[in-house]
2 protein chains.
Amino acid sequence: MNLRELSAQLGLSQTTVSRALNGFPEVSEETRARVRAAADLHGYRPSAAARRLATGQSGTLGLVFPGERNMLGDLLFTEFLGGCVERASQLNYDVTLGMAHGSQSEEAVYRRAVRNARVDAMILSSPLIADPRPALLRQLGMPFMIHGRTQSAEPYGFLDIDNEGAFFAAAKLLADLGHSRVALFNGETAFNFAADRERGFRRALEMRGIAVDPGLISSGAMIEASGLSQAKRLLELPKDRRPTAFVCSSIGVAIGVKRACAAQGLGIGKDIALIAHDDRIHDMGAESFDPPLTATQSSIGDAGRRIVELCVGMLREPQAPLPSEVWPVDLVVRGSTMPVG
Amino acid sequence: MNLRELSAQLGLSQTTVSRALNGFPEVSEETRARVRAAADLHGYRPSAAARRLATGQSGTLGLVFPGERNMLGDLLFTEFLGGCVERASQLNYDVTLGMAHGSQSEEAVYRRAVRNARVDAMILSSPLIADPRPALLRQLGMPFMIHGRTQSAEPYGFLDIDNEGAFFAAAKLLADLGHSRVALFNGETAFNFAADRERGFRRALEMRGIAVDPGLISSGAMIEASGLSQAKRLLELPKDRRPTAFVCSSIGVAIGVKRACAAQGLGIGKDIALIAHDDRIHDMGAESFDPPLTATQSSIGDAGRRIVELCVGMLREPQAPLPSEVWPVDLVVRGSTMPVG
DNA sequence: AAAATTATTCAAAGCGCTTTGGAAACAACA
DNA sequence: TGTTGTTTCCAAAGCGCTTTGAATAATTTT
């Protein structure tokens, strides 16, 4: 059943039926009710393809798989994606995925998506400090939102968490507990969030008059192996230079740290203080660590849901200022932190 | 630049230009070359929306997030999805995602996708033995392919791995090494793959004249905690009834088993033999276990790539028999298995 | 009661592609 | 010469929706 048939049934024009169904004000409530009833009765569903052609809008949002894949990255991306898909389907939007493959560069993926005009907007995740994608998309005329922030001359819409504030709070807590040798195991420095976190970390220690030892700051993949090897290295330092506290960019890293400590007979929350950032995945994480982990935490699924709302809002009101939000991050104190002893 | 403008430029009809670009035979090679050159020159890209409307095909494949989410499940799904997206984009297809949310049942998600006619076919993953989706989709007239198999009266296309053969090989290896008390930690029994695996497992032991002890077979979530608790329980049995070998449905489960063994001072590959199924994720897995794990392995990313090919083939030749493939599974023997003793 | 508003409804023109049913041009055959 | 085939190309009719510009009906104003 299509629009023409339905309007013929009703003895109305396509215009009126279309407007009645789409909530335009210039159709009487009586007619609207009649149209709705008939549409329900016949199970009428407007053709997405026809609407796309007529409106020029695809009702579709695009995401692209991150170029470098790893376990945690995939988990985070999937959790984020799941949130996006959930909210998008509530808003009657589709989500389509792109991916670089083989010789095709990531840029080509974005170009392809834009050229084919298959999406109304794209959502960028894991932005680098110097990320080429905003400039590219703006040049191509494709609206976008960033999950995170980036260093960019041009304006852009974004949703980010307060990474700096989070790591400021974590480092400050440790400093207030008397720790002066605090190590930071950060994510890859090319990512904007990692820079933000390091800034917050440094600011807190400096505020407490603690000189930041560059040797205690490292960055790398946010996986168990990184935490293990880096912690091992630092724990081998002479006792008076060995860190008494660690701040980790992910729970995976914290697991590695814990293993390194265990190997030295050091107990988390007893001999060594540990804080990690916890991107809530499947509503579980830091609290099921042993001991329960003091953590800065934030739901990446919620971020996905919210960024889709912002994105759709942006598409509906193109002339409005670009949406931007920065979410505060909770520092939840659990059993992995204690005063320095 | 649209088709009309391009054909005006060329002094040809839209028909001819369209056919030239789409490789129809009734246009001379000379004209085709001219058209191609002009299209390239002007950067002409056909509008996906218009094509969709005209052909009734959306050029889109649909997948739905599994209803129950967990870490391994997400990782597997993402790996599979990544493969799908990769091949789909090579074939100029899009992949869109659906997801049940809140009150909306999984069935509603499929209905919605079909009603809106936004996808040409759907790919079903993690089929249950009694899965309602094939009947639903057939009734709705939506083509689909299953990654896995199911117990269904109606025919369906599928790509599956030989789960039965894999677990047959694993159990047979253990039997041949002299193990007679072999435990199986299977996935949820509602899933078809779990039933297949158990069948293979039993068949091998029976073939070797070993009575299968039902107490040694359990099933549950394919996560570390399951392996840990189940193995712990079995390792507490009196020595003459305690299993000497374990077959696990995932590496996660194997990790749990290893921890349970370690707690009892039992070494994998020494005191206890261990085999797990390894869905290759990120090209790593069983070989980085300690000790390297004897495993049945199969690439889930490859499966994603292939199922998209089959799906697209099915759409292109709707009257051809439904495609189906069963992939053999390699049993790779590493250090976690040894003769009983 | 006529004129001016306002509230409803409609006919028709796209959106940009595919595809049907010829037609024109040309060569090959009788 | 007339007929039959081939090749190559085209005009025009959709696909099913949105939206513009007008027309009609109902209401209010003068």
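Keep in mind that this is a model prediction, so the values were computed, not measured. Note on naming: letters A, B, ... go to the chains in the order of the sequence lines (proteins, then strands), and numbering restarts at 1 for each one.
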**Q** Rounded to the Å, how far apart are Leu3(B) CG and dG14(D) P?
**A**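 So the CG-P distance, Leu3(B) to dG14(D), works out to 19 Å.
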**Q** Gln57(A) has an atom CD; how far is it from atom C1' of dC17(D), in whole Å?
**A**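 For the pair Gln57(A) CD and dC17(D) C1', the rounded distance is 14 Å.
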**Q** Among dA11(C), dG16(C), dT18(D), which is the nearest nucleotide to the side chain of Ser13(A)?
**A**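 Out of dA11(C), dG16(C), dT18(D), the nucleotide with an atom closest to Ser13(A)'s side chain is dA11(C).
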**Q** What nucleotide among dC15(C), dC9(D), dT19(D) has an atom nearest to a side-chain atom of Arg19(A)?
**A**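 Closest nucleotide among those given: dT19(D).
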**Q** Does Thr15(B) get its side chain close enough to the base of dT19(C), under 3.5 Å, for a donor-acceptor pair?
**A**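 Pair found.
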**Q** Could you give the CD-to-P distance, from Glu29(A) to dA7(C), as a whole number of Å?
**A**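 Distance, rounded to whole Å: 13 Å.
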**Q** What is the distance, rounded to the nearest whole Å, between atom CD of Glu26(A) and atom P of dT19(D)?
**A**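 Interatomic distance, CD of Glu26(A) to P of dT19(D): 11 Å.
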**Q** Over how many whole Å does the gap from Leu21(B) atom CG to dC17(C) atom P extend?
**A**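 Spelled out: CG on Leu21(B) to P on dC17(C) is 10 Å.
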**Q** For the CD atom on Gln151(A), are there more than 12 heavy atoms of other groups (residues, nucleotides or ligands in this structure) within a distance under 6.0 Å?
**A**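 Incorrect, the count does not exceed 12.
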**Q** Which of these nucleotides, dG16(D), dC17(C), dT18(D), is closest to any side-chain atom of Gln14(A)?
**A**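 For the Gln14(A) side chain, the nearest candidate turns out to be dT18(D).
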**Q** Which is true for Ser28(A) with a 4.0 Å heavy-atom rule: it touches a base, it touches only sugar-phosphate, or it touches nothing?
**A**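 Sugar-phosphate contact only.
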**Q** Check Arg305(A) with Glu309(A), please: is the shortest side-chain N to carboxylate O separation under 4.0 Å?
**A**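 Not counted as a salt bridge, because no side-chain N and carboxylate O are separated by less than 4.0 Å.
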**Q** Between dC17(C), dT9(C), dT19(C), spot the one nearest the side chain of Pro46(B), thanks.
**A**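 Taking heavy atoms from C-beta onward, the closest nucleotide is dC17(C).
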**Q** Closest heavy-atom contact between Arg36(A) and Ala20(A)?
**A**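 Scanning both residues completely, I find the closest heavy atoms to be NH2-O, 4.4 Å.
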**Q** Would you call Arg52(B) and Asp94(B) a salt bridge, using N to O less than 4.0 angstrom?
**A**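 Between Asp94(B) and Arg52(B) there is a salt bridge, with a charged N closer than 4.0 Å to a carboxylate O.
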**Q** Between Arg69(A) and Glu79(B) (salt bridge meaning N to carboxylate O under 4.0 Å), is one present in this structure?
**A**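 Salt bridge present between Arg69(A) and Glu79(B).
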**Q** Whole angstrom is fine here: how far is it from CZ in Phe24(B) over to P in dT6(D)?
**A**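 It is 21 Å, rounded to the nearest whole Å.
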**Q** Starting at atom CZ of Arg4(A), determine the distance to atom C1' of dC10(C), rounded to an integer number of angstrom.
**A**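 Computing the Arg4(A):CZ to dC10(C):C1' distance gives 16 Å.
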**Q** Looking at dG16(D), dC17(C), dC10(C), which one has an atom nearest to any side-chain atom of Asn2(A)?
**A**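 The answer is dG16(D).
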**Q** Starting from P on dC15(D), measure out to CZ on Arg45(A) and report it in whole angstrom.
**A**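 Arg45(A) atom CZ is separated from dC15(D) atom P by 21 Å.
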